[in-house]
Amino acid sequence: MDIKIEAADREDFLQMIELADLTMPDRMNLHELKKYFELFPDLIFKATHRNRLVGFSCAGIDMHQTTGWLLFSNVIEEYRGRGIGKMLIQARLQVLQQFQTLEQVLVTVNATNTASISALRSAGFEMNRTEPDYYGPGKHRNIMRLTVASSSSPKKTEPPVDITR
Ligand SMILES: CC(C)(COP(=O)(O)OP(=O)(O)OC[C@H]1O[C@@H](n2cnc3c(N)ncnc32)[C@H](O)[C@@H]1OP(=O)(O)O)[C@@H](O)C(=O)NCCC(=O)NCCS
């Protein structure tokens, strides 16, 4: 199947919101998506099949540029299980990894979302922590993490050889 993954445009707004409403009603709204475009325009990707939008995903990075976040991803039901979710993860990781200072990429996951967790594990993410009561009493949030080998960190040097003995 000829799926194209490419940077999303502002003109895709309405189609993206329609798609998000189908896959995760009430999770994403136009205002939130517009904010992502303002803050992280290079981190929003769409998946198309014969010019039809079949999925999209968003990511962000913190102000120190050390922690990237996978923020949202969805694929319409009839196109799931064909590797599109994993392609959308890779597209975002590729851009995030261009930040020399990047140390880790985090993502919030729902413990029951097996497809999402499998896709993230395939990309090297591991369960990292649970933040109790994050969404209110008894509503915890789970975070998965990918450690990034920093290209800018100084290389470890061998300890000096002791020549006094
Ligand atoms: C999560 C989601 C984006 C994955 O997209 P996808 O295109 O189906 O993902 P892929 O085809 O790349 O498959 C990813 C993994 O999930 C597995 N998978 C796919 N559908 C599955 C299902 N229904 N149940 C269990 N595992 C499933 C695949 O086998 C694959 O795992 P593997 O690497 O171990 O083989 C998609 O299911 C979706 O849009 N869900 C609703 C929105 C959502 O939950 N978004 C994530 C939180 S923002």
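- In this structure, the side chains of Arg80 and Asn74 stay at 4.5 Å or more apart for every pair of heavy atoms.
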Distance-only donor-acceptor hits, side chain of residues 135-143, under 3.5 Å, sequence neighbours excluded:
unit_1 : atom_1 : unit_2 : atom_2 : d
His140 : ND1    : Asp133 : N      : 3.0
Arg141 : NE     : Glu131 : OE1    : 3.0
Arg141 : NH1    : Thr108 : OG1    : 3.2
Arg141 : NH1    : Tyr134 : OH     : 3.4
Arg141 : NH2    : Glu131 : OE1    : 3.3
Asn142 : OD1    : Thr130 : OG1    : 3.1

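- Within the 4.5 Å cutoff, side-chain heavy atoms of Leu106 are placed close to those of Arg129.
- At a threshold of 4.5 Å between non-hydrogen side-chain atoms, the residues Val75 and Leu88 count as touching.
- If you take CZ on Arg121 and CG on Leu146, they are separated by 12.5 Å, rounding to the nearest 0.5 Å.
- Shortest non-hydrogen contact noted between Ile3 and Ala47 is CG2-CB, 4.2 Å.
- Note: Gln94 CD to Ile5 CD1 = 11.0 Å, rounded to the nearest 0.5 Å.
- For the pair Ile117 and Ala111, the tightest heavy-atom approach, listed with the atom from each and the gap, is CD1-O, 3.8 Å.
- No path of Ile, Leu, Val, Met, Phe, Trp and Tyr side chains, each step under 4.5 Å between heavy atoms, connects Val54 with Leu22, placing them in separate hydrophobic clusters.
- The shortest side-chain heavy-atom distance between Phe125 and Val105 falls under the 4.5 Å cut-off.
- There is a side-chain donor-acceptor pair under 3.5 Å between Thr147 and Arg145.
- Met16 and Ala8 make their closest contact through CE-CB, 3.9 Å (heavy atoms, listed as atom of the first residue, atom of the second, distance).
- With rounding to the nearest 0.5 Å, the separation of CE in Met144 from OG in Ser116 is 8.0 Å.
- The minimum heavy-atom distance linking Ile17 with Leu30 is given by the pair CD1-N, 3.5 Å.
- Under the ring pair (Phe, Tyr, Trp, His ring centres under 6.0 Å) criterion, Phe37 pairs with Phe13, sequence neighbours left out.
- Looking at every heavy atom in both residues, Leu93 comes nearest to Ala123 through CD1-CB, 4.2 Å.
- Contact of the Glu103 side chain with the Val148 side chain is not registered, since no non-hydrogen atoms from C-beta on lie closer than 4.5 Å.
- By the 4.5 Å heavy-atom criterion applied to side chains, Lys46 and Lys4 are not counted as neighbours.
- Linking ILVMFWY residues whenever their side-chain heavy atoms come closer than 4.5 Å, directly or via other members, places Phe99 and Leu39 in the same cluster.
- Side chains of Leu96 and Leu70 form a contact here, defined as non-hydrogen atoms less than 4.5 Å apart.
- In this structure, the side chains of Asp21 and Glu18 stay at 4.5 Å or more apart for every pair of heavy atoms.
- In the displayed structure, Asp26 atom CG is contacted under 6.0 Å by at most 12 heavy atoms of other residues, nucleotides or ligands.
- For Glu38, the CD atom sits in a packed shell: over 12 heavy atoms of surrounding residues, nucleotides or ligands are nearer than 6.0 Å.
- Using a 4.5 Å cut-off between side-chain heavy atoms of Ile, Leu, Val, Met, Phe, Trp and Tyr, with links allowed through other members, Leu53 and Met24 fall into the same hydrophobic cluster.
- Formation of a donor-acceptor pair under 3.5 Å by the Asp12 side chain with backbone atoms of Asp9 is found in this model.
- A salt bridge between Lys35 and Glu32 is absent, with no side-chain N of the basic residue lying under 4.0 Å from a carboxylate O of the acidic one.
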Scan the side chains in residues 55-69 for donor-acceptor partners under 3.5 Å anywhere in the protein, sequence neighbours excluded, and list what turns up.
unit_1 : atom_1 : unit_2 : atom_2 : d
Ser57  : OG     : Arg92  : NE     : 3.2
Asp62  : OD1    : Gln65  : N      : 3.1
Asp62  : OD1    : Thr66  : N      : 2.9
Asp62  : OD1    : Thr67  : N      : 2.9
Asp62  : OD2    : Thr66  : OG1    : 3.4
Thr67  : OG1    : Gln104 : NE2    : 3.0

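- Heavy atoms from other residues, nucleotides or ligands lying under 6.0 Å from CD of Glu6 number more than 12.
- We find the CD1-CD1 distance between Ile84 and Ile76 to be 8.0 Å, quoted to the nearest 0.5 Å.
- In summary, Glu78 and Arg52 engage in a salt bridge, as defined by a charged side-chain N under 4.0 Å from a carboxylate O.
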